[in-house]
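Here's the structure, in structure tokens; my notes come after.
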Amino acid sequence: MRIVVVPAGLGSPSSTRLLADRLAAATLDHVDAETEVVELRELATEIAQHLVTGFPPARLAAALDAVAAADGLIAVTPVFAASYSGLFKSFFDLIDKDALTGTPVLVGATGGTARHSLVTEHAMRPLFTHLRAPVMPTAVYAASQDWGEQGLARRITRAGTELAHAMSPTTPHTAAVLAPRSPTGAITSTAPANGLRTTPFEQRLAALRAD
């Protein structure tokens, strides 16, 4: 399996890249996979060329192919104007609309203030939902004051664990056990195999009419 990490940080070193690396490490604690990093800062010129010409240069084409072939994706952006960066959005605008269907995605963002922490929910999650990629329940936002705090470390660990489980699920879905369906399709609290007897709705309706 392969995890592709896409950080959109512009600096070097970059807090965005640091968060992406920590999310990847947390995921690898729970799944055996290789990682590949697609550093968008290094592809900025190629991304602009592709947007204008419609043809990706070789290095960008390889990056797009890597993302499309990933078993799991980690996407992290800095916050610009209360949303993802233009570089981040431009890259994912170039992804084929069907390329990420079913690919689990872990999203993260970095910013200077906690006031932008909902960017992962009002911007990033809808973007990947539009691409039909399941987004992990835990999204990680790191403000400047979060680094070194245990709360951030716990969120990173939880998010990485979720992505690892999504890539290689080992726990069967329990909904059918908790709420099995009766022969008529209704959800019950007792499995039909335990001797549950159901009365079809038509018979119940007829009894009401007879009364």
Side-chain angles (χ1 to χ4, degrees), residues 1-10 14-28 30-31 33 35-40 47 63-64 66-144 146-147 149 151-169 173 175:
M1 289 189 291
R2 179 176 293 273
I3 299 170
V4 176
V5 184
V6 183
L10 299 181
S14 163
S15 60
T16 302
R17 174 62 187 272
L18 176 60
L19 178 58
D21 288 343
R22 289 187 60 180
L23 289 170
T27 305
L28 292 174
H30 300 281
V31 67
T35 60
E36 179 176 348
V37 178
V38 175
E39 188 77 68
L40 297 190
I47 291 171
L64 294 171
V67 170
D71 298 295
L73 181 66
I74 297 174
V76 186
T77 179
V79 174
F80 287 174
S83 189
Y84 36 59
S85 70
L87 180 61
F88 182 89
K89 181 60 162 59
S90 294
F91 177 77
F92 283 101
D93 280 346
L94 300 177
I95 297 288
D96 183 271
K97 64 181 180 64
D98 298 317
L100 292 181
T101 300
T103 302
V105 179
L106 170 54
V107 298
T110 58
T113 172
R115 291 195 298 271
H116 296 309
S117 59
L118 288 179
V119 68
T120 57
E121 305 304 319
H122 68 63
M124 300 184 75
R125 193 177 295 275
L127 170 64
F128 289 104
T129 299
H130 171 72
L131 294 171
R132 296 189 291 278
V135 184
M136 298 303 96
T138 301
V140 181
Y141 177 84
S144 298
D146 291 332
W147 295 101
E149 297 293 330
L152 176 60
R154 286 193 293 269
R155 294 196 302 274
I156 289 173
T157 298
R158 182 168 62 243
T161 302
E162 290 171 356
L163 179 59
H165 287 175
M167 291 175 60
S168 55
H173 196 276

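Each residue takes its place number in the sequence, starting with 1. Small disclaimer: the values here were computed from a predicted structure and weren't measured.
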**Study point:** salt bridge (Lys or Arg N to Asp or Glu O under 4.0 Å) against Glu39, all qualifying residues, sequence neighbours excluded
**Key:** Arg17

Exercise for review: Start with the C-alpha gap between Phe128 and Phe92, add the side-chain angles, then the distance that decides, and say whether ring-ring contact (aromatic ring centres under 6.0 Å, His included) holds.
Suggested key: CA-CA 9 Å; Phe128 289 104; Phe92 283 101; 5.0 Å; yes

Practice item. Search all heavy atoms of Met124 against all heavy atoms of Ala75 and return the closest pair with its distance. Key: CE-O, 3.6 Å

Point to revise | Whether Thr77 side chain and Ser85 backbone form a donor-acceptor pair below 3.5 Å | key: yes

Review point. Going from CG on Leu127 to CD1 on Ile95, what distance comes out if it is rounded to the nearest 0.5 angstrom?
Key: 10.0 Å

Review point. Side chains of Arg158 and Arg155: closer than 4.5 Å at any heavy-atom pair?
Key: yes

Revision key, fill the gap. Minimal heavy-atom distance between Met1 and Asp71, with the atoms involved, is CA-OD2, 3.1 Å

Exercise for review: Kindly indicate, with the supporting measurements, whether the criterion side-chain contact (heavy atoms from CB on, under 4.5 Å) is fulfilled by Leu19 and Ile156.
Suggested key: CA-CA 9 Å; Leu19 178 58; Ile156 289 173; 3.9 Å; yes

Study note, to complete from the structure: Only one of Val105, Val4, Thr27, Val6 passes side chain to side chain contact (heavy atoms under 4.5 Å, CB included) with Ile74, and that residue is Thr27

Revision key, fill the gap. Sorted by chain and residue number, the side chain to side chain contact (heavy atoms under 4.5 Å, CB included) partners of Ala123 (sequence neighbours excluded) come out as Ser83, Tyr84, Val119

Check your understanding: Do the side chain of Glu36 and the main chain of Ala66 share a donor and acceptor less than 3.5 angstrom apart?
Key -> no

Revision key, fill the gap. Shortest non-hydrogen pair, Leu28 vs Ala33, comes out as CD2-O, 3.4 Å

Exercise for review: Please check if the side chain of Ser14 supplies one atom and the backbone of Leu10 the other of a donor-acceptor pair under 3.5 Å.
Suggested key: no

Study note, to complete from the structure: Correct closest heavy-atom pair for Ala143 and Ala114 would be CB-N, 3.7 Å

Review point. For Arg132 and Pro134, which heavy atoms make the closest approach, and how far apart are they?
Key: O-CD, 3.9 Å

Point to revise | Check: Phe88 and Val76 side chains under 4.5 Å, non-hydrogen atoms | key: no

Review point. Residues two or more places apart in sequence or in another chain: which of them pass salt bridge (Lys or Arg N to Asp or Glu O under 4.0 Å) with Glu121?
Key: Arg125

Review point. CE/Met136 to CG/Leu163 distance, rounded to the nearest 0.5 angstrom?
Key: 6.0 Å

Point to revise | Gap between atom CD1 of Ile47 and atom CG of Leu87 - 0.5 Å precision | key: 4.5 Å

Review point. Among all residues two or more places apart in sequence or in another chain, which pass the side chain to side chain contact (heavy atoms under 4.5 Å, CB included) test with Arg115?
Key: Thr113

Exercise for review: Name all residues meeting the salt bridge (Lys or Arg N to Asp or Glu O under 4.0 Å) criterion together with Arg154; count only those two or more places apart in sequence or in a different chain, and write none if there are none.
Suggested key: none

Check your understanding: Just how far is it from atom NZ of Lys97 to atom CG of Leu131, taken to the nearest 0.5 Å?
Key -> 10.5 Å

Check your understanding: Can you tell if the side chain of Val140 reaches within under 4.5 Å of the side chain of Thr120, non-hydrogen atoms only?
Key -> no

Practice item. For Asp93, enumerate each residue passing the salt bridge (Lys or Arg N to Asp or Glu O under 4.0 Å) test, keeping only those at least two apart in sequence or located in another chain. Key: Lys89

Check your understanding: Minimum heavy-atom separation for Ala70 to Thr103, with atom names?
Key -> O-CG2, 3.7 Å

